[in-house]
Amino acid sequence: MAPVRTRFAPSPTGHLHIGGVRTALFNWLYARHHGGQFILRIDDTDQQRHVEEALKPILEGFRWLGLDWDEGPEVGGPYAPYFQSQRTQRYQAAVERLLERGYAYRDFSRPEEIQAEREAAEKAGVPFRYSRRWMAETEAQAERFASEGRTAVVRLKMPSEGVCRFEDLVRGPMEFAWAQEQDHVIQRADGSCLYHLANVVDDYDFQISHVIRAVEHLSNTPRQIFIAQGLDLPIPRYAHLPYVAEPGSQSKLSKRKLKKYLKHPDFRKLYEHGAHILERLGRTIDEETFQPVLVEFYRAVGYLPEAILNYVLLLGWSLDDKTEFFTRQAMIESFSLERVNKSPASFDPVKLWSFQQHYMNELTLEEKWEIVRPFLEEVGWVDTPPTLEQRQRTEAVLRAAGDRIKTGGDILDFPEFYVADAELAYDEKALKKRLGDPESQQRLAEFAEVLAQLEPFDAPHIETAMKEWVQERGIGLGKIIHAVRVAVTGRGVGLGMFEALEILGKATTLARIEQALAKVGAAQRPA
RNA sequence: GGCCCCUUCGUCUAGCGGUCUAGGACACCGGCCUUUCACGCCGGUAACACGGGUUCGAGUCCCGUAGGGGUCACCA
């Protein structure tokens, strides 16, 4: 049996769409499952500008996700080049062959003439089909049209009867009437070729065995089969995946509708969490790339590739009625096209988030450190590279934070462990609530004395000391713990109080209590 | 509009004629735990779009209807 070879063919737009990731993943899984090859081909037939630059984020996205390609940009391969813009001579040869075999013709019509025919058909209420009025099948005809100042494109000469049949690996038997097809242009007057032609030629040249792509391409399939037939090429197997839909809708997910999606509460939450992290980093938000529809978003915020992959895997595919989590190996082993759904699946930000939580919790402390580290370095809370002390402190924070840190960027929500006392920001509301009255201030001052005497200054001892202290006074723990928290961390919420104090150490703790007391004391005096 | 496709809890899905008074996950609701937040634990609400067939029997097969969607470029 011929080896399984699949491909993903991004056009270098600069972005990797979440739906694209899903398509790429399925192609990758299918190839890996069958021990075949996964090829990356760049569909830049139309791109005259900055392919390199636009390609970079896409390839980085692939690398980040761990979807390695066997052939394609950077790695090359036996069928190089893998850029369509560099394969024009192949397409030219194909066009000539199609012309010779009568599967295509030179057409000297002007665009506005086609447009007129199209409009006339619409007006008459009949389906449009080009009259072939400016079709030139002989040199004499061509010369005559050319003498009128016309230039020629090459069109497919589609059959007017019969049906195109093929078996779709996801959808089953498909049937399209040839008469429905248009005489599509495959080559422009300037000699450049169009996508469908290039696509078929390349799929053959690269020996692609399975074309796994989004269902948007389903209706393009007959014309591609026609081209393949005209070229006398074998037809690959086709599998058309349902598209990924908008959250809470059945419409196709688009990267152009950020504003609309932000009206969806769950989507908005996902976005705002990410925007918050970027803000902490002091980066400006580029709306072009920073949106939860694109993988760049997730990388920037510190999501785990495993979470993204596992989530999109289940968008249109399932193994059975209970398996939710798949390691890379498990994905490869269990993936099959037979279990791909036919109906679109809508993108659910909340579910994605839950996968992220799951995988984050599976990380060891060392792994979490690596996820969090770039954020700390960027914001300058640790050196580049970090010192051993900084790393140990961060690991202590990570340990104490537990599952509170859900993405790499979430570490930025804990400035209290990194900034100097004087730079600690206080949440005014929390400060007022917990230290607004003289009694609580008094209690805090008294408890500070206890802390000052405490040795060793670690979480268990602090806890014991505080519990004994409140017991002596016959008051609840809540009367003091919140005051200490806000005084030392500046906030009303955070990780475990006792661990927090231990990480910060006695000196910092006492200094911050003093600082907080001064702050509320000053606030109480009229100016 | 033509052609094509899709339709099980809010969402992702299991289900390939009887085992379905429809299973799981996420979300949601209630309770427990609790120093905040988060987690965790226990429990709960919630779906076969509709109408006809076929069949002893239909979520599962067939046909309609409705709804949703994709696609109709000298874009990819």
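The chains referred to below are lettered A, B, ... by the order of the sequence lines, with proteins before strands, and numbering in each begins at 1.
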Which nucleotide sits closest to the side chain of Ser219(A): rU71(B), rC4(B), rC74(B)? rU71(B)

Does OP1 or OP2 of rA14(B) have a side-chain N or O of Asn341(A) closer than 4.0 Å? yes

Going by purine N1 to pyrimidine N3 plus the second Watson-Crick contact, or the G-U wobble pair, all under 3.5 Å, which nucleotide sits opposite rG59(B)? none

I need the CG-C1' distance between Leu319(A) and rG24(B), as an integer number of Å. 13 Å

Can you tell me the pairing partner of rU54(B) across any strand shown, Watson-Crick or G-U wobble, with both distances under 3.5 angstrom? none

Using Watson-Crick or G-U wobble geometry with both distances under 3.5 Å, which nucleotide pairs with rG2(B)? rU71(B)

Separation of rA73(B) atom C1' from Ile114(A) atom CD1, nearest Å, is 11 Å

Compare the minimum distances between each of rA76(B), rU71(B), rG69(B) and the side chain of Tyr243(A), then state the nucleotide with the smallest one. rG69(B)

Could you measure between the two P atoms, the one in rC3(B) and the one in rC20(B), and give it in whole Å? 42 Å

Nucleotide of rC26(B), rA73(B), rU13(B) approaching Val350(A) most closely (side-chain heavy atoms): rC26(B)

Among rU36(B), rU7(B), rU71(B), the nucleotide that comes nearest once only the side chain of Glu216(A) is considered: rU71(B)

Enumerate, atom names and distances included, each donor-acceptor pair closer than 3.5 Å involving a side-chain atom of residues 154-164 of chain A, sequence neighbours excluded.
unit_1: Arg155(A); atom_1: NE; unit_2: Asp107(A); atom_2: OD2; d: 2.8
unit_1: Arg155(A); atom_1: NH1; unit_2: Asp183(A); atom_2: O; d: 2.8
unit_1: Lys157(A); atom_1: NZ; unit_2: Glu137(A); atom_2: OE2; d: 2.7

Tell me whether the OP1 or OP2 atom of rC12(B) has a side-chain N or O from Ser346(A) closer than 4.0 Å. yes

Nearest to the side chain of Met174(A), which nucleotide is it out of rC12(B), rC5(B), rA38(B)? rC5(B)

Checking contacts here: which listed nucleotide (rG69(B), rC37(B), rA76(B)) is nearest the side-chain heavy atoms of Ser11(A)? rA76(B)

Identify the nucleotide, in any strand shown, that forms a Watson-Crick or G-U wobble pair with rA66(B), with both distances under 3.5 Å; if there is none, say none. rU7(B)

Tightest non-hydrogen contact, residues Glu502(A) and Pro460(A), listed as OE1-CD, 4.3 Å

For atom C1', what is the distance between rG59(B) and rA14(B), given to the nearest Å? 12 Å

How about Lys260(A) and Glu246(A): do any of their side-chain heavy atoms sit closer than 4.5 Å? yes

Is there a salt bridge (Lys or Arg N to Asp or Glu O under 4.0 Å) between Arg7(A) and Asp202(A)? Walk through the geometry before answering. CA-CA 10 Å; Arg7(A) 47 76 164 173; Asp202(A) 289 342; over 6 Å; no

Centroid-to-centroid, Tyr82(A) to Phe206(A), below 6.0 Å? yes

Between Phe8(A) and Trp69(A), is the ring pair (Phe, Tyr, Trp, His ring centres under 6.0 Å) condition met? List the steps. CA-CA 9 Å; Phe8(A) 182 70; Trp69(A) 57 101; over 10 Å; no

Given rG40(B), is OP1 or OP2 found less than 4.0 Å from the side-chain N or O atoms of Arg404(A)? no

Does the plane of the ring in His273(A) sit parallel, tilted or perpendicular to the ring in Trp353(A)? Use 30° and 60° as the thresholds. perpendicular

Per the under-4.0 Å heavy-atom filter, residues of residues 464-482 of chain A near RNA chain B come out as Leu477(A), Ile481(A), His482(A)

Nearest-neighbour nucleotide for the His196(A) side chain, rC12(B), rC39(B), rA76(B) considered: rA76(B)

Tell me whether the ring of His217(A) lies stacked over the rG70(B) base, given a 5.5 Å limit on centroids and a 30° limit on the plane angle. no

Nearest to the side chain of Met497(A) - rU35(B), rA76(B), rC12(B)? rU35(B)

On a heavy-atom basis, the closest approach of Trp134(A) and Glu117(A) is CZ3-OE2, 3.9 Å

Can you tell me the base-pairing partner of rA14(B)? Count Watson-Crick or G-U wobble geometry only, both distances below 3.5 Å, and say none if there is no partner. none

Quick one, Tyr311(A) and Lys351(A) - any side-chain contact, counting heavy atoms below 4.5 Å? yes

Nearest heavy atom decides the nucleotide; on that basis, is Arg223(A) or Ser343(A) closer to the 5' end of RNA chain B? Ser343(A)

Quantified in whole Å, what is the P atom distance between nucleotide rC6(B) and nucleotide rC63(B)? 12 Å

Give a yes or no on whether a donor-acceptor pair under 3.5 Å exists between the nucleobase atoms of rA25(B), that is its base, and the side chain of Lys322(A). no

Choose from rU13(B), rC26(B), rG15(B) the nucleotide whose nearest atom is closest to any side-chain atom of Ala345(A). rU13(B)

Which of these nucleotides, rU35(B), rA14(B), rC37(B), is closest to any side-chain atom of Phe498(A)? rU35(B)

